[in-house]
Amino acid sequence: MKLYLTPGYQCIASWLSAKGHHAFPFQEEAWQHIVSSKSGLVNAPTGCGKTFSVFLGSVIRFINQHPTDYKSKSKNGLQLLWITPLRALAKDIGRAMEEVIEELGMSWTVGIRNGDTTQAERARQKKQLPEVLIITPESLHLFLAQKGYADAFKNLQLIAVDEWHELMGSKRGVQVELAISRIVNSHRKSMATKPPMIWGISATIGNLSDAKDVLLSAIREEGVIVKAQMKKQIVVESVLPDEIENYPWAGHLGIKLIHKVIPIIEQSKTTLIFINTRGMSERWYQELLNHAPEFAGAIALHHGSIEQELRLWVEEALHTAKLKAVVCTASLDLGVDFRPVETVIQVGSPKGVSRFLQRAGRSGHSPDAVSKIYFLPTHSLELVEAAALKNAIDEELIESKEPMLLCFDVLIQYLNTLAISDGFKPEEIFAEVKSTYCYRDLLQEEWEEVLKFLTEGGKALQQYDDYKKIEVIDGLYKITSRRIAMQHRLNIGTIVSDAMLKVRMQSGGYVGVIEEYFISRLEPGDCFTLAGRNLELLQIKDMTVLVKKSTSKKTIVPSWNGGRMSLTANLGRKLRETFNDVADAGKIMGSKNQAPELVHLSSLFQLQQQLSHIPKDNELLIEHHESKDGYHLLVYPFEGRQVHEAMSAILAYRIGKIAPLTFSIAMNDYGFELLCDQPIPVDDTNASELFTLNDLTADIQRSVNATEMARRKFRDIAVIGGLITQTAPGEQKKARHLQASASLLFNVFSEYDSKNVLLRQAYQEVFDQQMEEVRLRNAFTRIGNSTIVITVPQKFTPLCFPIIADGLNRNNLSSENIEDRIRRMQAQLMKD
DNA sequence: GACCTGCTGCGGTTTG
């Protein structure tokens, strides 16, 4: 085949589609920008060939510039640096690139540099870098920790950042910002040629133009956004329980609808079943096999605690349709472009619009195909969320990603990184660091404090030699100790996780990992489930759990200590609006264009309306309940559990000023509960006062234990900043040990250096991330403009049910007891 | 620092 590269690019496009690659609708626009050396951001739904578009742009540019010798094996040096957040993606991308290169008859080679790269390959790369290098943010920083790193970038044309929407908003994104600032400026200083362009590749997010600005900040260029103006067609179908009356009002597993999932799996070639937690995914896998034994060997399990090798096999087998279905957690959210499936099922709330869309996008994977996703509610009310999601998708109400600001821990790690390779000159690096979006507001005195910390251990730690890492030699900041250098390299990165023990079969082969605290509760002989296998604990040795296969029917499903996804602001808002549609319960029965989910729930809404009230989006509903457990106050802001956590504490504090009461608090994504042994004095006369914006800041400080929260946040900060080392050669520190030393440091800083930047950062992270202070404040403002409706229902209402049920968990009842009790409560309600 | 449903992501070089 003959390829005409300039001026018409159509030939490549048609060649691509002949090869089965989808042409990105606006790829020519992207190519033209790249050819003319502009930087920017490419955005389109998944499966539109964004990756190819950027890659080909750089290829075309190269060929245009070297029309006579792009086929010769001259040593071109590194041309394209491809940053991707996932190791697993590197191989697929690399293979596709090689295919294109071969077709074009080019001499380029493609290399991968990450934790999986072998020593031999590293050595080869050291001698000669490939033209294209695919790398993770962490490995890129390790690259900057190598002597003479700047040399490698001297011919670099383009830095591409794949999945930028995933990286931005995390500290990994900050690492990318810093690395770009370094590469671009080292280039600028030493070379006469133009510094490399920067191109981001992003799925749709609410603040796309911010995403571009964050990425391009260090090169001080406006840049362009190349956006495919196309709407991906998405069909959402809820899996409806036959009789809503008999479907649980509370719960998280949703296994009761398993009989409706089996035909969906049977009817499609490949299916992904997204489950919210690792523990529940293990149970779903088991139950699927119990209900449909013929699935044995045709379905598999995939989550973050399962051994890598096993996971890779599962991904491959799904890709080649050897497997019919995979039960997974967020572990299969990414890695989209090259491994589509036919059907996607989401079990339980996806907590946000974009996560739901992303998962839907794994099916029907081409620009014009329809993506279909089934939504399976784990309790009745979750069907409202399904209706809300549909509306949100129609309106393209996609969440924004907020870029992180002034992460001093990442900055300290980065400066140590530079200090172990070539060393750095503060004046030069300060300007560079300030050119990034993250550190643009960095103050001179903060910078100096950081430098002081690096060289002297700062105010609080100056007695300890361990914290004097950097020496100043002729104005050059450098780490000369090989021990410190090695330790630092081992700890580069911003992902801090709990100590996990590896689980290994007695007969050989690893199964996965399990948390220290979980396994410490088990005795040898106990049985648990991991990766879908029943295992008997034999012994624990050297951070490894030795197990053998068990035939025991009674096993414990581990619970891992994961993050707590909160409902996003967008989905919360949509949820409140959806209640508008049903606020007049009579409307539901009559209306034909009502969402099927809402029609299905009509009996539940009628009950809610009859017993209490259905809140509209300009109302806040408060319910008083009385039970043998005491007096319950239920509030429904629909703001997600994190906001509710702070809001409930503030409310408890404010009520406490009226009467000295103590509460026990429970919450979910829809609302929260204050439980008390005495009547709770909240009524029409004081309700709006209790939700006032006045004195909010002070009341937050008085009610929320920010110090305790900051202490926990500080652990990660201390690890990232290198104050505590997680991994020393041949040793993994125990989680408890880590927590203890972090806590100690927190105390030292609080006492001797209370204005310390890392300490301040810990509090800032609590306010920004944990309490979501901006959102909390917005919620108080919204409530201030709403009508507060207070009801005193005679019985528990459908809305209060899941929250009170979660509250029961608090009180040390065994899970069996709770299930029985909920069933009894619900049966009682339905009877009369 | 715990368990109350609770995700994902990464990771050694230099010099002898």
Side-chain angles (χ1 to χ4, degrees), chain A residues 84-89 113-117 119 122-123 126 135-143 145-148 163 166-167 170-173 175 250-254 274-281 283 302-305 328-335 348-351 355 378-379 420-421 482 485-499 515-518 520-521 557-566 641 664-669 708 711-712 715 720 726-727 729 734-740 742-743 802 805-815 818:
Chain A
T84 167
L86 279 184
R87 273 188 323 225
L89 282 179
R113 177 62 164 270
N114 58 34
D116 296 336
T117 307
Q119 279 221 329
R122 275 166 207 267
K126 182 116 212 199
I135 202 165
T136 57
E138 288 80 6
S139 284
L140 183 52
H141 274 245
L142 281 164
F143 206 108
Q146 262 174 229
K147 281 202 166 56
E163 312 277 3
E166 282 292 327
L167 287 169
S170 79
K171 291 179 181 175
R172 300 184 79 198
Q175 282 188 296
H252 303 284
L253 190 58
F274 282 103
I275 311 283
N276 280 343
T277 73
R278 286 168 281 189
M280 291 195 297
S281 72
R283 290 189 57 184
H302 192 287
H303 62 68
S305 292
C328 63
T329 60
S331 56
L332 281 181
D333 266 349
L334 284 181
S349 166
K351 311 275 179 180
R355 184 178 288 108
T378 60
H379 63 261
I420 61 176
S421 53
R482 279 184 58 187
M486 179 168 79
Q487 189 150 44
H488 181 71
R489 284 197 181 92
L490 277 163
N491 287 284
I492 280 181
T494 60
I495 299 168
V496 184
S497 19
D498 271 348
E515 249 155 51
E516 212 180 351
Y517 93 88
F518 172 78
S520 65
R521 289 186 303 171
V557 178
S559 82
W560 286 268
N561 225 343
R564 302 183 171 195
M565 296 171 274
S566 199
R641 57 171 305 130
S664 100
I665 300 176
M667 71 212 72
N668 68 7
D669 281 322
E708 218 24 65
R711 182 187 294 279
R712 294 214 184 136
R715 187 191 77 148
I720 295 170
Q726 210 170 8
T727 31
K734 285 205 162 187
R736 208 176 304 143
H737 184 100
L738 211 62
Q739 182 61 41
S743 195
D806 278 353
L808 291 179
N809 277 333
R810 240 174 354 204
N811 304 329
N812 287 339
L813 294 163
S814 83
S815 59
I818 294 163

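Lettering of chains follows the sequences in order, A, B, ..., and the numbering in each one begins at 1.
Side-chain contact of A:R711 with A:S743: a donor-acceptor pair under 3.5 Å is present, judged by distance alone.
Nearest heavy-atom pair, A:P802 versus A:A250, reported as atom, atom and distance to 0.1 Å: CA-CB, 3.7 Å.
To the nearest 0.5 Å, atoms CD1 (A:I420) and CE (A:M486) are separated by 11.0 Å. For the atom pair CD1 (A:I492) and NE2 (A:H141), the distance works out to 8.0 Å, reported to the nearest 0.5 Å. To the nearest 0.5 Å, the span separating NE2 on A:H302 from CD1 on A:I275 amounts to 14.0 Å. Put simply, CG on A:D498 and CZ on A:R715 are 5.0 Å apart, with the number rounded to the nearest 0.5 Å.
Between the side chain of A:T494 and the base of B:dC10 there is no donor-acceptor pair of N/O atoms closer than 3.5 Å. The base of B:dG11 lies outside donor-acceptor range of the side chain of A:R87, with no N or O pair under 3.5 Å. Side-chain atoms of A:R521 and base atoms of B:dC3 include a donor and an acceptor less than 3.5 Å apart.
Counting only heavy atoms from C-beta on, A:K351 has its side chain closest to B:dG6 among B:dG6, B:dT13, B:dC7. Each of B:dT5, B:dC10, B:dG1 was ranked by its minimum atom distance to the side chain of A:S743; first place goes to B:dG1. Among B:dT13, B:dC7, B:dG11, the nucleotide with an atom closest to any side-chain atom of A:T136 is B:dG11. Listed nucleotides: B:dT14, B:dG11, B:dG1. Nearest to the side chain of A:N561: B:dG1. Here B:dC10 is the nucleotide among B:dC10, B:dT8, B:dG1 with the atom lying nearest to any side-chain atom of A:L86. Each of B:dT8, B:dG12, B:dC7 was ranked by its minimum atom distance to the side chain of A:M486; first place goes to B:dG12. Listed nucleotides B:dA2, B:dT13, B:dT5 differ in distance to A:Y517; the shortest reach to its side chain belongs to B:dA2. Out of B:dC10, B:dT5, B:dT14, the shortest distance to the side chain of A:D806 is found at B:dT5. Side-chain proximity of A:Q146 to B:dG6, B:dT5, B:dT14: nearest is B:dT14. The side chain of A:S139 has B:dG11 as its nearest neighbour among B:dG11, B:dT15, B:dC10.
Atom CD in A:E515 sits about 12 Å away from atom C1' in B:dG1, given to the nearest Å. We find that CZ of A:R482 is positioned 11 Å from C1' of B:dG12, with the value rounded to whole Å. In this entry the distance linking CD of A:E708 with C1' of B:dG1 reads 9 Å, nearest Å. Counting to the nearest Å, the C1' atom of B:dT5 and the NE2 atom of A:H379 are 12 Å from each other. Remark: C1' of B:dT13 and CZ of A:F143 are 13 Å apart, rounded to the nearest angstrom. Here B:dT13 presents its P atom at 15 Å from NE2 of A:H141, a figure rounded to the nearest Å. Whole-Å rounding puts the A:D333 CG to B:dG6 C1' distance at 15 Å. Rounded to a whole Å, the CD1 atom of A:I135 is 14 Å from the C1' atom of B:dG12.
When heavy atoms are screened at a 4.0 angstrom cut-off, A:G279 is found touching no nucleic acid atom at all. Contact annotation for A:H303: backbone-only contact, meaning every heavy-atom pair under 4.0 Å involves sugar-phosphate atoms and none involves a base.
Neither OP1 nor OP2 of B:dG9 sits under 4.0 Å from any side-chain N or O of A:R172. Taking only side-chain nitrogens and oxygens, A:R641 never comes nearer than 4.0 Å to OP1 or OP2 of B:dT5. When the side-chain nitrogen and oxygen atoms of A:R564 are compared with OP1 and OP2 of B:dC4, none of them lie within a distance under 4.0 Å. Neither OP1 nor OP2 of B:dG1 sits under 4.0 Å from any side-chain N or O of A:R715. Distances shown here put every side-chain N or O of A:S331 at or beyond 4.0 Å from the OP1 or OP2 atom of B:dG9. Residue A:T329 places at least one side-chain N or O closer than 4.0 Å to OP1 or OP2 of B:dT8. Note on A:R122: a side-chain N or O is less than 4.0 Å away from OP1 or OP2 of B:dG12. Close to B:dT14, at under 4.0 Å from its OP1 or OP2, lies a side-chain N or O of A:K126.
Comparing A:L142 and A:R711 against DNA chain B, the residue whose closest nucleotide sits nearer the 5' end is A:R711.
In this entry the base of B:dG12 is syn relative to its sugar, with a glycosidic angle within 90° of 0.
Within the 3.5 Å criterion, the main-chain N or O of A:A145 finds a donor-acceptor partner in the side chain of A:R489.
Look at the C1' atom in both B:dT14 and B:dC10: the space between them is 22 Å, to the nearest Å. A gap of 14 Å separates the C1' atoms of B:dA2 and B:dG6, to the nearest Å.
Test A:K351, A:R641, A:R564 against A:D669 for salt bridge (Lys or Arg N to Asp or Glu O under 4.0 Å) and you get one pass: A:K351.
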